[in-house]
2 protein chains.
Amino acid sequence: MAAAAGVSVATASRALNDTGRMTDETRERVKQVAAELGFRPNAMARGLLSKRSFTIGLLTNDTYGRFTLPVMAGISEALVDRGVSVFLCAIEDDATLAKVHVDAMLDKQVDGIIASGKRVDRRLPVDLSKAPVPVVYAFTDGPDDSVTFVSDDAQGSREAVEWLAGCGRKRIVHITGPESFASVHVRAEAYRAVVGEQAEIYYGKWTEAWGHEAVARLWDGAAIPPDGIFCGNDQIARGVVDALRERGVTVPGDVSVVGFDNWEIVAAATRPPLTTVDMNLRALGREAGLTVLALAEGERVEPGIRRLPCQLVVRQSCGGSAPT
Amino acid sequence: MAAAAGVSVATASRALNDTGRMTDETRERVKQVAAELGFRPNAMARGLLSKRSFTIGLLTNDTYGRFTLPVMAGISEALVDRGVSVFLCAIEDDATLAKVHVDAMLDKQVDGIIASGKRVDRRLPVDLSKAPVPVVYAFTDGPDDSVTFVSDDAQGSREAVEWLAGCGRKRIVHITGPESFASVHVRAEAYRAVVGEQAEIYYGKWTEAWGHEAVARLWDGAAIPPDGIFCGNDQIARGVVDALRERGVTVPGDVSVVGFDNWEIVAAATRPPLTTVDMNLRALGREAGLTVLALAEGERVEPGIRRLPCQLVVRQSCGGSAPT
DNA sequence: CTGAAAGCGCTAACAA
DNA sequence: TTGTTAGCGCTTTCAG
């Protein structure tokens, strides 16, 4: 580059990297010239030598981006200023496609890979266990000896149910998704732990339609309907709230409802807006990003599952006031 | 690598790349050994020489991913088999952050950049016009001499309104977003072109709440309410449908409704599911991807705005049958 | 304090 | 048909 601008490439390199010893004057001059010329060191050449690409790959099967985008945002946020960029690869449960993507990333010498997904209890259709670079799992299942980040659904659920109780609700039921989901169990058990004996759990689908149906069952049945409902996700919650309104039951007047996910598009559009559990996916991404990077730099990281706390986002579907 | 496996590095290189002349036997043997060793050519070293990184950057300010994700999927789909990976950079209207990301990408020698966004009539907070690599714009505004891909909202809107008319609707109104959006005008004009004199356009927000409010105005007013409604987006449409149901007006019995965007989460959850306009963002991404790549390979591409056709997705909010 | 030279992993001339 | 050599743009000994 600006070796032409007075010094040898070696000096230039040292000046720009703040290494080596030299007159401040020389260093400054080089930087000056570099800036004027808009010089950018070629990361490939640099990487060839340093064995680091300052690049990581994010693999996901969450095509819709519901979970991956916040995670991605967190990763990116944590790593931009360290100069690392991230490859996003959406592999929709297609093993072949996944392999193609992983190979492409590996060829490009990514410093690490973060595997993510749409379901905590499912694996991506690729075996990353013998990848030549560090791998961390975020919001997807990983091998036993891996480092995995997930949200603490139990804690989140507990807070949700306790909030409902704190609003004075006496008969709190749980309307949730399919029993085949691990997160359904975790959330249900946390719910059960709080309400005890009188736990009532209704399993169904992750849809608004199921929310409607569940309300129909509860209110058309002989029993006294509940006054508090903890829903497995925001879509169900929205269905529940809509169904309630349609039968003249007021929320939060007669019944308090809490959702799960804090998916803006549904939580904020519900009337009234949903009080719901946020999984802090962005923070999760941040941790995951920092962790692969640490691993890439040779640090040792204890394998295991790390559960990051969820946070209750209070809106208006429960009455009650702002969070403590 | 497997130079140790019998031949010189040059021969190995030629064998693996199917270049040069040599015995099929040698070539096969090299490939064999390479496969056994799980050898992967170092893309950085290769790129250093070829001046190509097989990497492109996708820049977007659409944090929520509503528009960018499908675009991204299209780009990725078009480019994986050409071996190119894509860096996703979410810059939330923050010029500084944008610059950091762009610089990082440039350092990494991306072969090109695709700028995308959440609004067709706004620019990203970065000047890409003098980037040292080709840039194409997808679903965001670009400089005059750039190549830009957008969806053909006019055509999409026309089809939507014609569909409504085809369902026998006589008085079709248009409930849409803020006048400050260019797409609002494009869609409104297309609507006006079809219905002519009797066009009635209601500007508001992109929300369900506005859909409710608009219905209230139309039905509580003195005039005879419409029998067909073309909405500026799916959220408004959902608000409209919900409001209609609440006042006992049936959809599609009494009124037909069409949305815009085909945002699954809202379009499919509406009761009844929305007939709506899909912008084919994935196809748009595919074109954009192929185009940057062509540019990167030195092909000349005529600058200008390319409008890709939208497609009407028929569900149940209009009655009528499957599309022709 | 600074420059010359070697070398990262690969491909492309040029020889053999 | 195959091997040798040079060099991509940078960092890093090792001399000067």
Q.
Show the nearest heavy-atom pair for residues A:Leu128 and A:Ala115, with the distance to one decimal.
A. CD2-CB, 4.1 Å

Q: In whole angstrom, give the distance that lies between atom CG of B:Asp24 and atom P of D:dT1.
A: 9 Å

Q.
Can you confirm whether the side chains of B:Gln32 and B:Glu28 place a donor and an acceptor under 3.5 Å from each other?
A. no

Q. Hey, does A:Arg40 reach any base, or is it just sugar-phosphate, or nothing, if we go heavy atoms under 4.0 Å?
A. sugar-phosphate

Q. So, is B:Ser8 close to the D:dT4 phosphate, meaning a side-chain N or O under 4.0 Å from OP1 or OP2?
A. no

Q | B:Arg119 charged N/C atom sitting above B:Phe181 aromatic ring, 6.0 Å / 45° | A | yes

Q: Compute both the distance and the angle, then confirm whether A:Arg66 meets the cation-pi test with A:Tyr64: under 6.0 Å from the six-membered ring centre, within 45 degrees of the axis.
A: no

Q: List the steps, then state whether side-chain contact (heavy atoms from CB on, under 4.5 Å) holds for B:Gln109 with B:Lys51.
A: CA-CA 8 Å; B:Gln109 312 290 116; B:Lys51 264 79 176 62; over 6 Å; no

Q) Going by atom types alone, do A:Lys108 and B:Ser85 pair a side-chain donor with an acceptor below 3.5 Å? A) yes

(Q) Quiz question: by atom type and distance under 3.5 Å, do the side chains of B:Thr19 and B:Asn17 form a donor-acceptor pair? (A) no

Q) Given atom CZ of B:Arg21 and atom C1' of C:dC14, what is their separation to the nearest angstrom? A) 15 Å

**Q.** Annotated protein contacts, base or backbone, on nucleotides 11-16 of chain D with a non-hydrogen cut-off under 4.0 Å, one of B, S, - each
**A.** BBB---

Q. Going by heavy atoms closer than 4.0 Å, what residues in residues 104-113 of chain B are next to DNA chain C?
A. none

(Q) Go nucleotide by nucleotide along DNA chain D from the 5' end; which of A:Asn42 and B:Glu25 gets its closest nucleotide reached first? (A) B:Glu25

**Q.** Residue closer to the 5' end of DNA chain D, B:Gly20 versus A:Leu48 (nearest nucleotide)
**A.** B:Gly20

(Q) Within the 3.5 Å criterion, strictly below it, is a donor on A:Thr60 or A:Ser116 matched to an acceptor on the partner's side chain? (A) no

(Q) Distance check needed: C:dA12 P versus B:Leu16 CG, whole Å only. (A) 13 Å

